[in-house]
Amino acid sequence: METLFSLPALALLAFLGFGSVRVTSGGQSRLVERLGKYDRQLKPGLSFVLPVVEKVVSHESLKERVLDIPPQQCITRDNVSIEVDAVVYWQLLEHARAYYAVDNLQAAMVNLVLTQIRAEMGKLDLDQTFTTRSEVNEALLRDLDQATDPWGVKVTRVEMRDIVPSQGVQQAMEQQMTAEREKRAAILRSEGERESQVNAARGRAESLLLDAEAKAKQQALMAKARAEAAAELAKVIEAHPAAAESLRLLLAKDWMAMGEELAKAPGGSVLLVDPQSPASLLTALRNLQEKG
């Protein structure tokens with residue numbers, strides 16, 4: 001009989017002894033209450049809890065955790081509706097403060113982050129929400145870390161992920177971007193056409209200048225050649241008086257053709273020579289040499 005009565009007692013003692021053993025892993029924390037009052041925090045490793053008298057009321061991780069903030073509607077300073085979501089990295093530093101200071105810690109943090117995001121978005125215009133994201137993240141981190149400090153929580157990082165304007169605003173932004181692209185394309189086309197026209201005009205001007213220079217050089221060479229020919233002819237006439245008669249006959253033969261050519265000379269000048277007078281021809285040749 002004594003053995004039979006002792007078996008339940010031993011089983012009860014074994015159950016109570018097994019239930020009093022707690023193994024806490026690294027990076028974890030357990031809170032123990034004694035008779036309904038906070039007593040201690042169990043460190044990583046093997047710990048014992050007094051049955052019935054003591055109770056583990058909370059078991060939390062002390063590692064850095066990620067908190068997803070659901071999308072929410074915000075109104076910017078210029079009255080544009082946008083949808084913003086974020087992610088918060090946080091760590092529980094003081095387990096007891098977090099457990100006794102706030103009920104449902106993560107829900108409280110989500111509501112706090114949502115409130116802070118709305119406040120920050122209300123300070124900015126729509127364009128600033130895209131260009132000042134890093135500054136907004138820093139402001140959120142500073143405000144959230146300060147607000148959660150009484151809860152024993154350390155906010156290590158805040159990142160806004162998506163900023164989505166309403167459908168109407170997106171369409172307006174797309175139309176604006178399309179108009180800007182078309183404007184830039186039109187400017188580039190007009191500049192290209194203008195540059196092409198300038199280059200074409202410059203090419204024509206250079207071509208005309210080269211032609212004019214070539215003609216001027218040709219005329220100068222022809223004038224020099226005529227002057228030299230006239231000078232040689234004058235020398236021959238002076239050295240050989242008998243050649244004057246032959247020259248007179250040649251001039252009489254081709255006088256009409258020569259008169260037509262001289263009538264077309266630049267400036268409308270005409271060389272008047274008496275074919276019967278070699279002296280007149282010599283004088284005319286000398287004048288032609290001086291003009292050349």
Side-chain angles (χ1 to χ4, degrees), residues 6-74 83-121 133-164:
S6 64
L7 289 177
L10 292 174
L12 179 60
L13 291 175
F15 175 76
L16 292 176
F18 178 78
S20 65
V21 177
R22 294 289 185 271
V23 178
T24 306
S25 303
Q28 302 291 318
S29 173
R30 298 176 190 267
L31 298 182
V32 178
E33 288 183 352
R34 177 177 294 181
L35 299 177
K37 182 179 180 180
Y38 172 70
D39 183 69
R40 68 188 181 276
Q41 178 178 343
L42 299 182
K43 298 180 180 180
L46 182 63
S47 303
F48 295 93
V49 178
L50 295 177
V52 181
V53 178
E54 296 181 341
K55 179 183 178 181
V56 176
V57 293
S58 178
H59 182 197
E60 292 285 350
S61 172
L62 299 180
K63 299 178 182 179
E64 188 174 13
R65 287 182 271 183
V66 179
L67 181 64
D68 285 326
I69 307 301
Q72 63 165 332
Q73 294 293 328
C74 302
E83 190 175 79
V84 183
D85 66 344
V87 59
V88 177
Y89 296 84
W90 65 284
Q91 186 177 9
L92 187 63
L93 297 183
E94 299 184 35
H95 189 179
R97 291 177 62 184
Y99 181 76
Y100 291 103
V102 60
D103 188 16
N104 196 342
L105 176 61
Q106 293 201 15
M109 290 185 62
V110 168
N111 288 315
L112 180 60
V113 174
L114 293 176
T115 302
Q116 292 295 332
I117 289 178
R118 293 193 190 101
E120 291 297 329
M121 293 297 100
R133 179 173 299 189
S134 60
E135 289 82 354
V136 174
N137 290 337
E138 292 177 1
L140 289 174
L141 175 60
R142 182 177 59 254
D143 295 340
L144 292 174
D145 188 37
Q146 182 177 0
T148 57
D149 183 68
W151 301 343
V153 172
K154 174 66 176 178
V155 178
T156 58
R157 186 176 179 184
V158 180
E159 291 289 343
M160 290 193 304
R161 289 184 298 191
D162 294 323
I163 301 176
V164 182

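Keep in mind that what you see is a predicted model, and the values were worked out from it rather than measured.
- In terms of the salt bridge (Lys or Arg N to Asp or Glu O under 4.0 Å) criterion, residue partners of Glu159 (sequence neighbours excluded) are, by chain and number, Arg157.
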Derivation and outcome, side-chain contact (heavy atoms from CB on, under 4.5 Å), residues Gln72 and Met121: CA-CA 11 Å; Gln72 63 165 332; Met121 293 297 100; over 6 Å; no
Audit row: Arg118, Val84, side-chain contact (heavy atoms from CB on, under 4.5 Å) steps and yes/no: CA-CA 9 Å; Arg118 293 193 190 101; Val84 183; over 6 Å; no
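- For Asp85, the salt bridge (Lys or Arg N to Asp or Glu O under 4.0 Å) partners at least two apart in sequence or on another chain are Arg161.
- For Arg142, there are no salt bridge (Lys or Arg N to Asp or Glu O under 4.0 Å) partners, not counting sequence neighbours.
- In this view, Lys43 satisfies the salt bridge (Lys or Arg N to Asp or Glu O under 4.0 Å) rule with no residue, not counting sequence neighbours.
- Between the OH atom in Tyr99 and the CD atom in Gln41 there is a gap of 13.0 Å [rounded to 0.5 Å].
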Atom pairs and distances, donor-acceptor, side-chain atoms in residues 104-116, under 3.5 Å, two or more places apart:
unit_1	atom_1	unit_2	atom_2	d
Asn104	OD1	Ala107	N	3.4
Asn111	ND2	Ala107	O	3.1
Thr115	OG1	Asn111	O	2.9

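- Residues Pro150 and Ala101 approach most closely at O-CB, 4.1 Å, considering heavy atoms.
- Annotation: the span from Asp149 atom CG to Lys154 atom NZ amounts to 8.0 Å, rounded to 0.5 Å.
- Minimum interatomic distance between Ala96 and Leu31 (heavy atoms only, all atoms of both residues): CA-CD1, 3.8 Å.
- Not a single donor-acceptor pair under 3.5 Å links the side chain of Arg40 to the backbone N or O of Arg34.
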Between side-chain atoms of residues 57-71 and protein atoms elsewhere (two or more places apart, or another chain), which donor-acceptor pairs fall under 3.5 Å?
unit_1	atom_1	unit_2	atom_2	d
Ser58	OG	His95	NE2	2.6
His59	NE2	Gln28	OE1	3.3
Glu60	OE1	Arg65	NH1	3.3
Ser61	OG	Lys63	N	3.1
Glu64	OE2	Thr156	OG1	2.4
Arg65	NH2	Ser61	O	3.2

Candidate pair Leu93 and Val153, rule side-chain contact (heavy atoms from CB on, under 4.5 Å), full reasoning: CA-CA 6 Å; Leu93 297 183; Val153 172; over 6 Å; no
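- A distance of 11.5 Å separates CD1 of Ile117 from CG of Asp143, quoted to the nearest 0.5 Å.
- In this structure, Asp162 and Glu83 have side chains that are not in contact, with every pair of non-hydrogen atoms separated by 4.5 Å or more.
- Rounding to the nearest 0.5 Å places CD of Glu33 at 7.5 Å from NZ of Lys55.
- Across Val56 and Val32, no two heavy atoms sit closer than the pair CG2-CG2, 4.1 Å.
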